[in-house]
Amino acid sequence: MSEHKQDEINHINKADIDSQDNVNQANIHRKDINKEKINKENIDTENTDKEIIHQDDGNDWDNEVIILDDNFKQSFITTLMFLVLSTVIGIWIMQKSINAYYLQTYHQPSPLNLINSPLWQKGGDIGDGLYAFHDNIANNIGNMNKTMIDEFNTNHAYTPAYKAQMAEKAHQEQLRQEQERQLKAQALKENQAQNELEQSLTLNKSQKVFFAGDSMMQGIAPHMQKYLQGLGVDSVNLSKQSTGLAYPKFFDWNSTIKNTLQSDSSIKVLIVMLGANDPWDMPDKQGKYLKFNSEEWIAEYQARMKDILDFAKERQVGVIWVTPPNMKKNKLNEQMVQLNDVMMNELTRHNVKVIDARPIMGGRNNVYNDYLEKDGKNIKMRSGDGIHFSGDGQRILAKEVQSYLIIE
């Protein structure tokens, strides 16, 4: 073969080889394109699937939200209806307590009182029953607890010695409480008595003061009459020397005082000063003489005092009773001390104002004294006979007595 043909053949073979390579590359390229297309389709399919799944999830969430919202509304409505119903029932049952609170707070009837329905009022009755039931249970529980505690303490907790100590302590506490109760009652009684006494010694200018007594009253009454006259108040002075309660046949003060009070209704206050002429043996109503300061004498003398005081109370006349002072002579002073005790014992049984002249006139510890020490000065209070008062003594005692009169 010629060289030229051989080149052509080689050239043709090379062209065939190149052509075959191009076909192969084209096939490979086509495969790559197909592969990419398939991959893309797979990716698009996956994305589509995901979108479908996501869309399904969204739809499920919306459904759940709708369900939860419906449940919440239903629960809210149920709760609200329960609260409203409970409130209405509570007001229905507690209406009496609400009415009482409203009345105490606003000082007018509660609007609930306007409801006259028997069914409405039945709620109040139910409330009363529930309160009573509660109180009964509470009391029963309290009693049961106390019984259990007492039983345990009595039979298990304490030794005999401790029980005795506790019993004594309880007894002392009971005595203390009783004493405290009596003191409170006494204080209340005294306050009430004091108010009544002040009222009985209160008078206006249309009423009078009545003076009854012996020569000592004759000394102090004029000073008080002058004081009362300056206030526009009239008075009656029947004081008489050498008189007392011991010798009614000489001068009967019981009859004189009662007759005067009965005949003059304008007398509002009676002031008495008697006793200086009485510490001696005296006759009773039958004329039998009673020994001074004996039981019979004391009973008779106090009965005469009581007769005057009771009559004054019946007439609603207040009483000021001035007891005698100490005396200079020892024997007479001793008797006067005894008489003062007798008079005080009777006067304390009556709601009257008692004025003890002894300390006012300078006496100390039942010892006579001519002088009263006051504001650093010695004031002569008694006259030379050791019985009656000096001018200063009369004025000082009169001022003390009249200070208890209340003039309206």
Hey, does the side chain of Arg382 reach the backbone of Asn369 with a donor-acceptor pair shorter than 3.5 angstrom?
no
For Gln74, I'd like to know if atom CD has over 12 heavy atoms of other residues, nucleotides or ligands within 6.0 Å. no
Near Gln179 CD, under 6.0 Å, is it more than 12 heavy atoms from other residues, nucleotides or ligands? no
For Leu203 and Gln207, the nearest pair of non-hydrogen atoms, with its separation, is CA-OE1, 3.2 Å
If we count only N and O atoms by modelled type, under 3.5 Å, do the side chains of Thr323 and Asn340 hold a donor and an acceptor together?
yes
*Can you check side-chain contact (heavy atoms from CB on, under 4.5 Å) on Val272 and Ile320, steps first, answer last?*
CA-CA 6 Å; Val272 179; Ile320 298 176; over 6 Å; no
Those residues at least two apart in sequence (or on a different chain) that pass ring pair (Phe, Tyr, Trp, His ring centres under 6.0 Å) with Phe251 are Trp253
Is it the case that the side chain of Gln95 and the backbone of Trp92 share a donor-acceptor pair, with hydrogens and angles ignored and the cut-off at 3.5 Å? yes
### Query
Are any of the side-chain heavy atoms of Asn378 and Leu372 separated by less than 4.5 Å?
no
Of all heavy-atom pairs linking Val209 and Leu405, the shortest is CG2-CD1, 4.4 Å
Check: When you measure from the side chain of Thr348 to the backbone N and O of Asn345, does any donor-acceptor pair fall under 3.5 Å?
Finding: yes
Ser390 and Asp392 side chains, donor-acceptor separation under 3.5 Å | no
Open item on the list: Check this for me: Gln229, atom CD, are more than 12 non-hydrogen atoms of other residues, nucleotides or ligands nearer than 6.0 Å?
Closed with: no
| query | Got a sec: does the CZ of Arg349 have more than 12 other heavy atoms crowding it under 6.0 Å? | reply | yes
For Gln194 and Glu198, does a side-chain donor sit closer than 3.5 Å to a side-chain acceptor?
yes
Hey, can you pull the donor-acceptor pairs under 3.5 Å for the side chains in residues 324-331, sequence neighbours left out?
| unit_1 | atom_1 | unit_2 | atom_2 | d |
| --- | --- | --- | --- | --- |
| Asn326 | ND2 | Asn333 | OD1 | 3.1 |
| Asn326 | ND2 | Asn366 | O | 3.4 |

Taken in chain and number order and not counting sequence neighbours, the residues that satisfy salt bridge (charged side-chain N to carboxylate O under 4.0 Å, His left out) with Lys240 are none
Residues passing the ring pair (Phe, Tyr, Trp, His ring centres under 6.0 Å) test with Tyr368, sequence neighbours excluded, are none
What I want to find out is whether Glu173 reaches Lys169 closely enough, with some N-O distance under 4.0 Å, to be called a salt bridge.
no
Contacts of Ser215 meeting side chain to side chain contact (heavy atoms under 4.5 Å, CB included) (sequence neighbours excluded), chain-then-number -> Gln218, Gln241, His388
Quick test of your reading of the model: are Arg304 and Glu300 salt-bridged, counting only N-O distances below 4.0 Å? yes
All heavy atoms of Asp307 vs all of Lys258, minimum pair found to be OD2-NZ, 3.0 Å
- Does a donor on one side chain sit under 3.5 Å from an acceptor on the other, for Ser110 and Tyr101? no
Legend entry - Pairing of Asp356 and Arg358 as salt bridge, 4.0 angstrom limit: yes
Determine, stepwise, if the pair Val319 / Lys353 fulfils side-chain contact (heavy atoms from CB on, under 4.5 Å). CA-CA 6 Å; Val319 177; Lys353 179 59 186 177; over 6 Å; no
Smallest heavy-atom separation, Met282 atom then Tyr247 atom, equals CA-CE2, 4.4 Å
ask   = Going by atom types only, do Gln182 and Glu178 share a side-chain donor-acceptor pair under 3.5 Å?
value = yes
| query | Do Gln225 and Ser235 meet the criterion of a side-chain donor-acceptor pair at a distance under 3.5 Å? | reply | yes
Q.
Within the 4.5 Å heavy-atom criterion, are Arg395 and Phe389 side-chain neighbours or not?
A. no
* Distance-only, no hydrogens or angles: does the Asn140 side chain make a donor-acceptor pair with backbone N or O of Asn136 under 3.5 Å? -> yes
Taking every heavy atom of Thr202 against every heavy atom of Lys268, the minimum-distance pair comes out as O-NZ, 3.1 Å
Is a salt bridge present between Lys96 and Asp125, judged by a nitrogen-to-oxygen distance below 4.0 Å? yes
* Asked: Under 3.5 Å, is there a donor-acceptor pair between the side chain of Asp375 and the main chain of Lys377?
  -> no
Backbone N/O of Val342 and side chain of Gln302: donor-acceptor pair under 3.5 Å: yes
| query | Which is it for Ile115 and Leu112 under the side-chain contact (heavy atoms from CB on, under 4.5 Å) test, yes or no, and what are the steps along the way? | reply | CA-CA 6 Å; Ile115 305 176; Leu112 298 180; 4.3 Å; yes
In short, side chain to side chain donor-acceptor pair (under 3.5 Å) pairs touching residues 275-293 with sequence neighbours left out are Asp278-Tyr301
Minimal heavy-atom distance between Ala246 and Pro283, with the atoms involved, is O-CD, 3.7 Å
Notebook entry, point to check: Has Glu196 got more than 12 heavy atoms of other residues, nucleotides or ligands less than 6.0 Å from its CD?
Noted result: yes
Item to complete: Give the C-alpha distance, both sets of side-chain angles, the deciding distance and a yes or no for side-chain contact (heavy atoms from CB on, under 4.5 Å) between Phe311 and Leu261.
Response: CA-CA 9 Å; Phe311 190 83; Leu261 293 179; 3.9 Å; yes
Practice item. Check the surroundings of atom NZ in Lys380: do more than 12 heavy atoms from other residues, nucleotides or ligands lie under 6.0 Å from it? Key: yes
Self-check item: More than 12 heavy atoms from other groups under 6.0 Å of OH on Tyr371
Solution: no
